[in-house]
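Note: hydrogens, waters and symmetry copies are ignored here, and every other heavy atom, side chains too, is used.
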Amino acid sequence: MRLLELYAGIGGVAQALGDAGIVGAVDIDQKARRIYELNFKADYHTLELESVTRSCLEKFEADVWWMSPPCRPFTVRGRRGDLLDMRTKSLLHLAKLSCQVQPEWIIVENVPGFETSQTLKMIQREWEVAGYHTCWRFLCPSEMGWPNLRKRVFVIAGRSARIRWQPLPRYDLAIRDVTMESVTVDERRELDIVRRLPSETRDIELMKLDRVDLKNSASRAACFASSYGKKRVGSGSVVVDEDGVRFFSPWEVARILGFPKEFRMDEKLDNRSLWRLLGNSLSLACVRYILSHLPGGPKKELNWVRAS
């Protein structure tokens, strides 16, 4: 598999697939690029995706394009601007180029609601004319026994074979398996860069927060948004422990998404920047499952934890 990761961010697809399968990564975010280059060998191109050229994309000779475009045009908070939202321009541009370059497979990941959007309807019409057939699937890591709620829709366009969905793998992880509870005391000291909520935080505000007890094996973290740490309510879960209430550290958020504990962060970036980048990333268990259906795709389990 030769995969081109567009809207690459910090490299969620590279981590899920394996560095060897990535022929290139493209995004405009310089902070994301620094983290990507700490962990992966593929060339990272900082380009405006809405102006990238056909010749540039042809040089990668990729048989799979993965795209995770901005979700705000399709969310309630983003007022569901859809085609009227300027942030859809890059996706529409790339869709046109995909019909010209014609990779074997195209995958678009986004929030629920994208599947009924005018944006996707327009793209599908172009794909159909170019000889692609499409399907989509909703997928949440919690369906696979992963302690995270992050439902997304995955739209797959293919030129030859059709997707036959395989049974979901089962991980059956507890929330403590992917947090600082899973590491040694010395490692925890190094990683414990968390921020606690002020002790004077009002009870009425605390009641609105999605609180997670790490001792409860049934607990699952809510979806972490890019506004985590900046906006308390509706941007992700917080931890309740003997010392009060705290945010999940960036390292923990990465683990909850499926990144291994060895995944390196840019030490020059503060928590707020790291949370933003992680909030824009992917659930690796879901990515790996989707890619496992393509020729040359990975095994269903993640590298650092085996599914049953």
Parallel, tilted or perpendicular, as decided by the 30° and 60° cut-offs, for the rings of Y171 and W146:
perpendicular
Other residues, nucleotides, ligands: >12 heavy atoms within 6.0 Å of R220 CZ:
no
Which label fits F40 and F263: parallel for a plane angle under 30°, tilted from 30 to 60°, or perpendicular past 60°?
tilted
Can you confirm whether the side chains of S98 and Y132 place a donor and an acceptor under 3.5 Å from each other?
no
Heavy-atom pair of closest approach, residues L83 and T88
O-OG1, 3.8 Å
Just checking E267: does its CD atom have more than 12 heavy atoms from other residues, nucleotides or ligands closer to it than 6.0 angstrom?
no
What pair of heavy atoms forms the shortest contact from L92 to T119, and how long is it?
CD2-CG2, 4.0 Å
Report yes or no: does R54 contribute a side-chain atom to a donor-acceptor pair with the main-chain N or O of V101 at less than 3.5 Å?
no
Any Lys/Arg nitrogen of K268 or D266 sitting under 4.0 Å from an Asp/Glu carboxylate oxygen of the other?
no
If you measure from the Lys or Arg side-chain nitrogens to the Asp or Glu carboxylate oxygens, is any gap between D213 and K215 under 4.0 Å?
no
Any side-chain donor-acceptor pair under 3.5 Å between T46 and R33?
yes
In this structure, OG of S68 is separated from CZ of F154 (nearest 0.5 Å) by 7.5 Å
